[in-house]
Amino acid sequence: MITDKIKISKFLSLILRHKPQTIGLELDQNGWADTKLLLQGMLKAKYLIDLDILKYLVKSSDKQRFKFNGDFSKIRANQGHSINVDLRLEQKLPPAILFHGTATKNINSIKQNGLLKQNRHHVHLSSDTKSARKIGTRHGNAIVLKIEAGKMNESGIEFYLSENGVWLTEKVDAKFIKFEE
């Protein structure tokens, strides 16, 4: 049985954002999973977890990736899905500047193509450089890009704010990116 909470949390991200079928789970149209069925599936997959551990993982997550409904009967990821779900995000007015952390090895591609959502629903942006750097470090030697979100919004590009404070948009054209650190 897998007991390491980091491994359990990463598996939970895989299930609730990308591959619920891995444990025979189905998400509803808004990304919600039945908590009992999730726990049963994770146990069958050899992850030692119960409702108390799941509550702890949700509460202690530094990025607040997951959320429960009011009675803990359902759980979902706040953003980052590669599967088709409707999180019912409301359009929000972004601050003038947002940030994106990435690896330096990606800079040439970003200069050419901008920031693309790849296989996810949105490009993820941070409101502070510390968070952006932390994210960029996961992918290699980090660089923080300054995104002119206010100008993007003025040109008609929509922004959304997930429940855990991540700013989301469809694409960031290179002309809105400041590449100096």
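Heavy-atom basis, side chains included; hydrogens, waters and symmetry copies ignored.
L116 belongs to no multi-residue hydrophobic cluster, having no ILVMFWY side-chain contact under 4.5 Å with any other such residue.
In this structure, I49 CD1 and K5 NZ are separated by 9.0 Å, a value rounded to the nearest 0.5 Å. Here T35 contributes atom OG1 and L54 contributes atom CG; the two are 6.5 Å apart, rounded to the nearest 0.5 Å. The CD atom of E148 sits 8.5 Å away from atom NZ of K146, with the distance rounded to the nearest 0.5 Å. Going from atom CD1 of I97 over to atom NZ of K178 covers 8.5 Å, rounded to the nearest 0.5 Å. Taken from CG in L115 to NE2 in H124, the straight-line distance is 11.5 Å, to the nearest 0.5 Å. Note that CG of N113 and CG of D173 are 10.0 Å apart. Values are rounded to the nearest 0.5 Å.
Counting non-hydrogen atoms of neighbouring residues, nucleotides and ligands closer than 6.0 angstrom, the CD atom of Q112 reaches no more than 12 such neighbours. Within 6.0 Å of atom NZ in K117, more than 12 heavy atoms from other residues, nucleotides or ligands are found, so the atom counts as buried in its surroundings. For N119, the CG atom counts as densely surrounded, since its 6.0 Å shell holds more than 12 non-hydrogen atoms of other residues, nucleotides or ligands.
Side-chain contact between F11 and I2 is absent, with no heavy-atom pair separated by less than 4.5 Å. Side chains of N69 and D71 form a contact here, defined as non-hydrogen atoms less than 4.5 Å apart. Contact of the K175 side chain with the K151 side chain is not registered, since no non-hydrogen atoms from C-beta on lie closer than 4.5 Å. Residues L43 and D50 have side chains not in contact (no heavy-atom distance under 4.5 Å, counting atoms from C-beta outward). By the 4.5 Å heavy-atom criterion applied to side chains, D34 and S73 are not counted as neighbours.
L89 and L125 are assigned to two separate hydrophobic clusters, defined by single-linkage of ILVMFWY side chains at heavy-atom distances under 4.5 Å. At a threshold of 4.5 Å between side-chain heavy atoms, the hydrophobic network of Ile, Leu, Val, Met, Phe, Trp and Tyr places L27 and L39 in one connected group. Linking Ile, Leu, Val, Met, Phe, Trp and Tyr whenever their side-chain heavy atoms come within less than 4.5 Å leaves L87 and L161 in two separate clusters. In the hydrophobic clustering of this structure, V166 groups with V85; members are Ile, Leu, Val, Met, Phe, Trp, Tyr whose side-chain heavy atoms approach within less than 4.5 Å, directly or through other members. L37 and F68 fall within a single hydrophobic cluster, where Ile, Leu, Val, Met, Phe, Trp and Tyr are joined by side-chain heavy atoms under 4.5 Å apart, directly or via other members.
Between the side chains of N106 and S109, no donor N or O sits under 3.5 Å from an acceptor N or O. Residues Q79 and N164 bring a donor and an acceptor atom of their side chains to less than 3.5 Å of each other.
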Next item on the list: Would you please test D28 and K74 for side-chain contact (heavy atoms from CB on, under 4.5 Å) and show each step?
Entry: CA-CA 10 Å; D28 72 14; K74 293 185 177 191; 4.0 Å; yes

Checklist line | Chi angles and distances behind the side-chain contact (heavy atoms from CB on, under 4.5 Å) call for M152, I147 | finding: CA-CA 9 Å; M152 287 176 63; I147 310 301; 3.7 Å; yes

Checklist line | Stepwise side-chain contact (heavy atoms from CB on, under 4.5 Å) test for S9 and F66 | finding: CA-CA 10 Å; S9 183; F66 316 108; 4.1 Å; yes

Next item on the list: Might you work through the side-chain contact (heavy atoms from CB on, under 4.5 Å) test for L145 and V172, ending with a clear yes or no?
Entry: CA-CA 11 Å; L145 305 175; V172 179; over 6 Å; no

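Residue I107 comes nearest to T102 through the heavy atom pair CD1-CG2, 4.2 Å, listed as atom of the first residue, atom of the second, then distance. What you find for M42 and L12 is that their closest heavy atoms are SD-CD1, 3.9 Å. The minimum heavy-atom distance between I135 and G101, with the atom names listed, is CG2-O, 4.1 Å. Scanning both residues, R65 and S13, for their nearest heavy atoms gives CD-OG, 3.7 Å. Of all the heavy atoms in I110 and A174, the pair that sits closest is O-CB, 3.8 Å. Nearest approach of L48 to I8, heavy atoms of both residues: O-CD1, 3.5 Å.
N30 places no side-chain N or O within 3.5 Å of a backbone atom of W32 that could act as its donor or acceptor partner. Using modelled atom types, one side-chain atom of H81 and one backbone atom of L16 make a donor-acceptor pair closer than 3.5 Å. Panel note: side chain T137, backbone R133; a donor-acceptor pair is recorded below 3.5 Å. For H121 (side chain) and I83 (main-chain N/O), a donor-acceptor pair under 3.5 Å exists by modelled atom type. The closest donor-acceptor contact from the side chain of S162 to the backbone of N78 lies at 3.5 Å or more, if one exists at all. Without hydrogens or angle criteria, Q64 side chain to K59 main chain gives a donor-acceptor distance under 3.5 Å. A donor-acceptor pair is defined here as one N or O able to donate and one able to accept, closer than 3.5 Å; no such pair exists between the side chain of S126 and the backbone of H100.
The only member of F176, Y160, F159 that meets side chain to side chain contact (heavy atoms under 4.5 Å, CB included) when paired with T169 is F159.
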